[in-house]
Number of protein chains: 2
Amino acid sequence: MMRKAMNRVHQEPETERRILCSAEKVFYRQGYDGARMQEIADEAGINKALLHYYFRSKDRLFDAVFSDAVLRLVPPVFAVMNSDSALMDKVRGFVDAYFSTVSQNPFLPGFVVHEMHRNPSRFSEIIKESRLLMLEGLQHQLDEGAANGELIPMQAEQFILNLLSLCAFPFVAAGAMQSVSGKNDAEYQQLLEERRELIPQWMSRLVECGA
Amino acid sequence: MMRKAMNRVHQEPETERRILCSAEKVFYRQGYDGARMQEIADEAGINKALLHYYFRSKDRLFDAVFSDAVLRLVPPVFAVMNSDSALMDKVRGFVDAYFSTVSQNPFLPGFVVHEMHRNPSRFSEIIKESRLLMLEGLQHQLDEGAANGELIPMQAEQFILNLLSLCAFPFVAAGAMQSVSGKNDAEYQQLLEERRELIPQWMSRLVECGA
DNA sequence: GAATAGTTTAACTTTATAGTTAAATAGTGA
DNA sequence: TCACTATTTAACTATAAAGTTAAACTATTC
């Protein structure tokens, strides 16, 4: 019992964390199907036996990584969207939160998108409650703004879709987009960084009447 | 020699096309790593032996499917963008061309994005010439509009990135976005269809000063 | 009716990968 | 010192998938 508590033995105290980081790297880049347990072990500087000693199977290891990914991506974003800020403050908060997370983990959005495609049911439960709250609040703000003549009428779903598209797609499709834009890695990253400031401006032009 | 010419024998005259369609279905949904040759054979109603008789290996079959995918997606889009239309006519043309192709093949964008992520060099050659042409022309129109005071200043790369994001992301991330939006398949498709009209309006709000 | 291209069948080889096992080693705390 | 946990090693099994092969069958064409 008590597989591994604070009384740590031998060297390598946080091997589990090392494994998770390595698994993350490999799964993020190659996806579940493309990832190899051996590669994860190599990346962590350990052997397969120890990998299975900590995580019984590829599936369990993947689940751990995927949950981490979703929890890293979703809550900060929902926290902002479910706050009672003004619409454009929410947008700025969202973009900031999103870029802070994703700039550190540029493959995270593509990973989540691809794995959700393989198994769409994956995180619907995780976000079910937050979702309704967010959409209702958002729709209310949009309707109110439209009634005032300050905003053009828009469905909350389309608003969110636009915001997420502008933020996430350039990361998700970085491979393809670098080809299209003809930029090298550094130049493309620069392009992305500029969007952190630009997207909020664009979103306000999208919906505000007098902007 | 002359592996298979117009003098066709037996039934099944366009078996090769049937195989390509089946391979497309499977590769689009599951990606290279997730696809199984047996599944492709089953989908085509044939056996593995015949699959290898037509396409020597999984790689060759995949290459055929990927090339088809890129050629289906890219040229109509570049044709519009390289025309000498006004900026907003280009946008409308692009969105029309894109949605016409992609509504028939909703998994196409995700497939291309994911496979470009695995091997980014893949189609850079295919589009190299068209790309420069497109970006130059676009930047010229944007600069001209900005000089007139009709448009806000914007880099052509950001403009393209925005247009592609708004068009492609809702398809690429359909699995995740249905969770976020809480829509079922039909409702989500409806949401997508509405964007065909909305995106050109949004793009003009994005860049036009008096809009 | 013989030659040929397309197709099937089913068994086969090869390879890659997940996962297992057992034995040895080494530090830790009781 | 003993029991315990973490770790390594290396060989192992099991399985799934890619790819091969040979033999037979089937229309079609010449």
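Convention: sequence-line order gives letters A, B, ...; per-chain numbering from 1.
Here side chain to side chain donor-acceptor pair (under 3.5 Å) pairs that include residues 70-81 of chain A, with residues two or more places apart or in two chains, are A:E24-A:R72, A:R72-A:N105. Note on residues 161-196 of chain B: pairs passing ring pair (Phe, Tyr, Trp, His ring centres under 6.0 Å), not counting sequence neighbours, are B:F99-B:F171.
To the nearest angstrom, C1' of C:dG6 lies 14 Å from CG of B:L51. Atom-to-atom, CG of A:N47 to P of C:dA18 comes out at 15 Å; the value is rounded to the nearest Å. Distance NZ (B:K58) to P (D:dG19): 8 Å, rounded to an integer number of Å. We find that CD1 of A:I40 is positioned 14 Å from C1' of C:dG19, with the value rounded to whole Å. Atom CZ in A:F55 sits roughly 12 Å away from atom P in D:dT7 (whole-Å rounding). The distance from atom CD of A:E16 to atom C1' of D:dT7 is 15 Å, rounded to the nearest whole Å. Atom CD in A:Q38 sits about 9 Å away from atom P in C:dA18, given to the nearest Å. When the P atom of C:dT7 is taken as reference, atom NE2 of B:H52 falls 16 Å away, rounded to whole Å.
When distances run from any side-chain atom of B:T15 to the nucleotides C:dT20, D:dT8, C:dT7, the shortest one goes to C:dT7. Closest to the side chain of A:M37, from the set D:dA18, C:dA18, C:dT8, is C:dA18. For B:A49, taking side-chain heavy atoms from C-beta onward, the closest of the listed nucleotides C:dA18, C:dT8, D:dT7 is C:dT8. If you check D:dT8, C:dG6, C:dT8 against the side chain of B:Y53, the one that comes closest is C:dG6. Across C:dT7, C:dT17, D:dT7, the shortest atom-to-atom separation from the side chain of B:Y54 is found for C:dT7. In this structure, the nucleotide among D:dA6, D:dG19, C:dT17 sitting nearest to the side chain of A:R36 is C:dT17.
Partner A:F107 forms a side chain to side chain contact (heavy atoms under 4.5 Å, CB included) with one of A:K25, A:Q30, A:R29 and no other, that one being A:R29.
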For B:R60 and B:D63, run salt bridge (charged side-chain N to carboxylate O under 4.0 Å, His left out): C-alpha distance rounded to whole Å, both residues' side-chain angles, the deciding distance at 0.1 Å, then the answer.
-> CA-CA 5 Å; B:R60 283 166 183 261; B:D63 281 345; over 6 Å; no

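Residues A:Y32 and A:H114 place their aromatic rings such that the two centres sit no closer than 6.0 Å.
Where B:L50 and A:K48 meet DNA chain C, the nucleotide closest to each residue was compared, and B:L50 sits on the side nearer the 5' end.
In this structure, A:A35 reaches the sugar-phosphate backbone alone: every heavy-atom distance under 4.0 Å involves primed, P, OP1 or OP2 atoms, never a base.
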